[in-house]
Protein chains: 2
Amino acid sequence: MKPPKKTPTMSDVAREAGVSPMTVSRAFKSDAYVNEETRKAILAAADRLGYVMDSMASGLSSRKTGFVAVTIPSINNANFADTVRGLTEGLQAKGLQVLLGYTNYNQEEEERLVRQLLTRRPEAIVVTGGTHTGKCRAMLENAGIPVIETWDIPADPIDSVVGFSNADASAKIVAHLVETGRTRIAFLGGDASRDTRGFDRRRGFIREMESRGLDATRLVEAGPPPISMREGADALARLMSRWPDTEAVVCVSDLAAFGAMTECQRRGLAVPGTIAIAGFGAYEISDICVPPITSIDPHCYRIGLLAARRIIDLLSDGPDSETESHTLVEPGLLVRASTFSDCNP
Amino acid sequence: MKPPKKTPTMSDVAREAGVSPMTVSRAFKSDAYVNEETRKAILAAADRLGYVMDSMASGLSSRKTGFVAVTIPSINNANFADTVRGLTEGLQAKGLQVLLGYTNYNQEEEERLVRQLLTRRPEAIVVTGGTHTGKCRAMLENAGIPVIETWDIPADPIDSVVGFSNADASAKIVAHLVETGRTRIAFLGGDASRDTRGFDRRRGFIREMESRGLDATRLVEAGPPPISMREGADALARLMSRWPDTEAVVCVSDLAAFGAMTECQRRGLAVPGTIAIAGFGAYEISDICVPPITSIDPHCYRIGLLAARRIIDLLSDGPDSETESHTLVEPGLLVRASTFSDCNP
DNA sequence: GTTGACTATGTTATCGATAACATATAGATC
DNA sequence: GATCTATATGTTATCGATAACATAGTCAAC
C-alpha cells in the first residue's frame, strides 16, 4: 500500500518544525529551556510525521539506556511475576524499563542470559538468587553497574541484596508443625542440584529437624524444578508408600503442596486430620483451596519494589542513600487449616 | 575496591589484539572472512578485558536491534507466559530477543506501552488481542515492521494474525454442556469493558445459547480482569443466590472456575452432580484439582511458536514465505469430570 | 549604559558499532 | 608471468541522538 519509507528521525521533525535537531531533543526531554510555543509546535510536527523517538540512539549518545535487566528462573511463576511487577512499577517513575529474561533454573542459562542482557547496556541488573557460575559472577562484577541479588541471602554478595533466608523460612514451618504436635515430618522438593532456593529450603528443614532431635531423612524428590502440581501429587504418593505414618509434609512450593493435597483427597487421607500439609510462596491457590494450605509469604512484590528503590537510590547522583546495601524482607508464616491441630488429638 | 573504569569497547579489544576494530566486529559476527587464528586471538583478548559487545551501538549502526517487542495483558498469567515462552524459544535460534511489556488489560496502557517499545526499534512486534486505540493502531501501522496480533481474530487485522475465536471456544463449551443434558447455564466473567477476549467469550456464550433457544441472561460479572480465584468464588455465590437452579457455569478462565468450584465445595454443592463447571485456558490447576475441570486448551505455547515462525519468515529476505498471513489455532475442548453427565440422571 | 542572570536556540563532536568500499596477499589458471 | 578469484584485513562515513559549548536576546539592577 504505502511505500516502505523508513521511520522519521529527529532531523525530519526539526525540519518540519523549522528548528534545529537539538531543540527537538530538548522538547522531548523537557529537562531544559524550550519555549512553550516552540515545544508545542515541535510535538505537533512530531505527531504529523508519526515520529517515535529512537531510544537506542539516545542511549548511545547519553550513555543512559533506560534499561534495568532482570533475570528470573521462570516466567511461568506467580511469585517471580510479582517481583517483576514490583520492579516494573517501582522503576516506572524514573522512566526505567525492565528488560526481562529467564534462566530455566539453570546457571549455565543464567550465564548466557546475563551476557545477552549486558550487551544491552542496562543501568542496573537484578538477578534472582545468590549463586552463579564463575564467569557470570565476573561479568556482573565488571559490568560497572549496580547489581541486586534477590530472593536469597548470598554468602558472598556481589553488591546489593534484597532477600530473605529460604532456610529460615523452612525452619519456621517446621517449628509450627512441631508446635502443633507433629514429629514425623517429611520434605517434598525438587532435585537438589539446580534450584538453589529449593535446596536452601530443604537444608533449613533438615537443620531444624535435627536441632529438635527429629528424624530428617524423609526427603522426597519430585524431579527437576519447577515442581508442578502433578509432580507434587506423584511425590506424595511415593512418600506415603515409603513412610505411611508421615504426619506432615513441608513442600517446596504451594503448587507442589496443592498437588500433594489433591493426591490426599484421591486417597481419602484427611488434611489436616491424618496428614498436615504446608507450602511456600503464598500463591492464591493456597488461600482459596479447601482446606486452605499453610504457607510462607515471601512478599514477592515487596522484594521487587525494594530492589527498584535501591536501584533508583544508587543511580541518583546524591551521595546520601536512603536504602541499605542489604535489605532483609522477613517472610511471614500464614497458618491455615491444612495444619490446624484441633483435628489431630 | 576497583576504580569505576568504564567498560571496554571494541577499539580496546582491537588494540589488545593488534587488529583493527572492524576485524573485531567480524570476529564477533562470524559472518565474514576472518582468519581462524586471528579470531581466536581476538576472542582471547576480549575475554582478558571482559569485553561484552554493545548491541545498542551495533543496532544503531546495522539497523538491526535484535529485539522483538511483545505485549501481554498481564505478566502473572500462565497462559500468556506460555505464549511468551513459545516466542522466546522460537526466536532464539535467529538471535532475536523478546522485549516484554504488559498492559494490565488496558488499552490506554497498551498505547503507552507500544510507544515505549517502539522507541527501542524492535524488528517486529507481537500484541495480544486485535482491538487497540486509534493512536496505538496508527503507531503499529506506521512502525514499518511486521505486526502480529495474537489470541484473537481481529475484524480488521493490522498485518499478520496468529489466533483463534474466543467466541467459538465458548460456543463449543455450551454445546458440550447442552449435549450432556444441561439447559440452565450461566456465564461467569469479568466486566465486559476492558478485556476484549473475555468479552468475546461472553458474546460467544450468548450467541450459542440463543441459537439453541436457551435463556442467555444468567450473566455474572466478577469485577475487572484479571478475575482471581477469589472473585470466581464470590461470583458463584452471587450466581447461586440469584439463580439457585443453575445447572452449569461457563467461566471466563480456569482460575475463576476453580474458585467457583471451591465455593461449591464450601456450600456442599456437588460438582458435577448438582452443578457442572467449565473453565478456559487449560491451566494446570484444572487438570489436577478434584474433580478436574472441563476446559478449553487455546494452545498458548503453540501460538507463541507460530508467531515466532511468522516473524522469522517475514524478516528473512527470501520472497517465498512458508507461513500464512493469518494462522488459526483451533482450541481443543478438554472434557473432564466437572461436566460429566453420569451423575446427572 | 553596562553588567549579569536567565531564557532560548544553534553548532560541533561524539557515543560504539557496522556498511560500504578499498587494499593486500596467496594460490589457481591460462 | 599475467590474470583472476578467494581470503583476510584496513579505512572512512554513518546510524540517530545528546553533551558540551557557543550564541543571542530580554530584563532587572546598579
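Given the structure is predicted, the values throughout are model-derived calculations rather than measurements. Here is the naming used below: chain letters follow the sequence lines, and residue numbers restart at 1 for every chain. Below, all heavy atoms of this structure are taken into account, side chains as well, without hydrogens, waters or symmetry copies.
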Checklist entry - Counting only N and O atoms by type, is there a donor-acceptor contact under 3.5 Å from the side chain of T88(B) to the main-chain atoms of V84(B)? => result yes
Next on the checklist: Can you pull out every ring pair (Phe, Tyr, Trp, His ring centres under 6.0 Å) where at least one residue sits in residues 86-143 of chain A? Sequence neighbours excluded, please.
Outcome noted: none
Next on the checklist: Restricting to side-chain contact (heavy atoms from CB on, under 4.5 Å), what partner residues turn up for D159(B), sequence neighbours left out?
Outcome noted: P146(B), V147(B)
Checklist entry - dG16(D) phosphate, OP1 or OP2: any side-chain N/O from R121(B) under 4.0 angstrom? => result no
Enumerate the protein-to-nucleotides 3-5 of chain C contacts in which both atoms are nitrogen or oxygen and the separation is below 3.5 Å.
none

Checklist entry - Which residue pairs pass the salt bridge (Lys or Arg N to Asp or Glu O under 4.0 Å) test with at least one member in residues 120-133 of chain A, sequence neighbours excluded? => result R121(A)-D54(B)
Item to check | Atom-pair distance (CE on M10(B); P on dC15(C)), nearest Å | outcome: 15 Å
Checklist outcome for this item: In whole angstroms, the gap separating P of dT18(C) from CE of M56(A) amounts to 13 Å
Checklist entry - To the nearest angstrom, how far is N35(B) atom CG from dA8(D) atom P? => result 5 Å
Item to check | Y51(A) side-chain proximity, nearest of dT18(D), dG10(C), dA17(D) | outcome: dA17(D)
Checklist entry - Rounding to a whole Å, what distance do you find between D12(B):CG and dG16(C):P? => result 9 Å
Next on the checklist: Show every ring pair (Phe, Tyr, Trp, His ring centres under 6.0 Å) that has at least one partner inside residues 43-72 of chain A, sequence neighbours left out.
Outcome noted: F28(A)-Y51(A), F67(A)-F67(B)
Item to check | Residue closer to the 5' end of DNA chain D, P21(A) versus G18(B) (nearest nucleotide) | outcome: G18(B)
Checklist entry - Is there a donor-acceptor contact under 3.5 Å from the side chain of S61(B) to the main chain of S58(B)? => result no
Next on the checklist: Expressed as a whole number of angstroms, how long is the span from K29(A):NZ to dG16(D):C1'?
Outcome noted: 12 Å
Item to check | Rounded distance in Å - CD (E123(B)) to P (dC15(D)) | outcome: 18 Å
Item to check | K40(A) NZ - dA8(C) P separation (whole Å) | outcome: 13 Å
Next on the checklist: Just the rounded figure in Å: distance from C1' of dT9(C) to CZ of R39(A).
Outcome noted: 13 Å
Next on the checklist: I need the full list of ring pair (Phe, Tyr, Trp, His ring centres under 6.0 Å) pairs touching residues 76-100 of chain A, with sequence neighbours left out, sorted by first then second residue.
Outcome noted: F80(A)-W151(A)
Checklist outcome for this item: Ranking E36(B) and A57(B) by the position along DNA chain D of their nearest nucleotide, the one closer to 5' is E36(B)
Item to check | From L96(A) atom CG to L315(A) atom CG, the distance as rounded to the nearest 0.5 Å | outcome: 6.5 Å
Checklist entry - Which part of the nucleic acid does V24(B) contact within heavy-atom distance under 4.0 Å: base, sugar-phosphate only, or nothing? => result nothing
Checklist entry - Is any side-chain N or O of S20(B) closer than 4.0 Å to OP1 or OP2 of dG10(D)? => result yes
Next on the checklist: With a 4.0 Å limit, can you tell me whether T38(B) has a side-chain N or O closer than that to the phosphate oxygens OP1/OP2 of dT9(D)?
Outcome noted: yes
Next on the checklist: Check the phosphate of dG10(C) against T23(A), side-chain N and O only, distance under 4.0 Å to OP1 or OP2. Yes or no?
Outcome noted: yes
Checklist outcome for this item: Counting primed atoms, P, OP1 and OP2 as sugar-phosphate and everything else as base, the B/S/- map of nucleotides 19-27 of chain C against protein heavy atoms under 4.0 Å is BBB------
Next on the checklist: Once side-chain contact (heavy atoms from CB on, under 4.5 Å) is applied, do any residues pair with I312(B), and if so which ones, sequence neighbours excluded?
Outcome noted: L91(B), K94(B)
Checklist entry - Which residues pass the salt bridge (Lys or Arg N to Asp or Glu O under 4.0 Å) test with R310(B), sequence neighbours left out? => result none
Next on the checklist: Applying side-chain hydrogen bond (donor to acceptor under 3.5 Å, both in side chains), can you list everything that pairs with R115(A), at least two apart in sequence or on another chain?
Outcome noted: none
Checklist entry - Between the two end axes of the helix from dG1(C)-dC30(D) to dC30(C)-dG1(D), each built from 5 base pairs, what angle do you get to the nearest 10°? => result 40°
Next on the checklist: Considering only residues two or more places apart or on different chains, which pairs with a residue in residues 68-87 of chain A satisfy salt bridge (Lys or Arg N to Asp or Glu O under 4.0 Å)?
Outcome noted: D82(A)-R85(A), R85(A)-E89(A)
Next on the checklist: Does dA8(D) have its OP1 or OP2 closer than 4.0 Å to a side-chain nitrogen or oxygen of Y33(B)?
Outcome noted: no
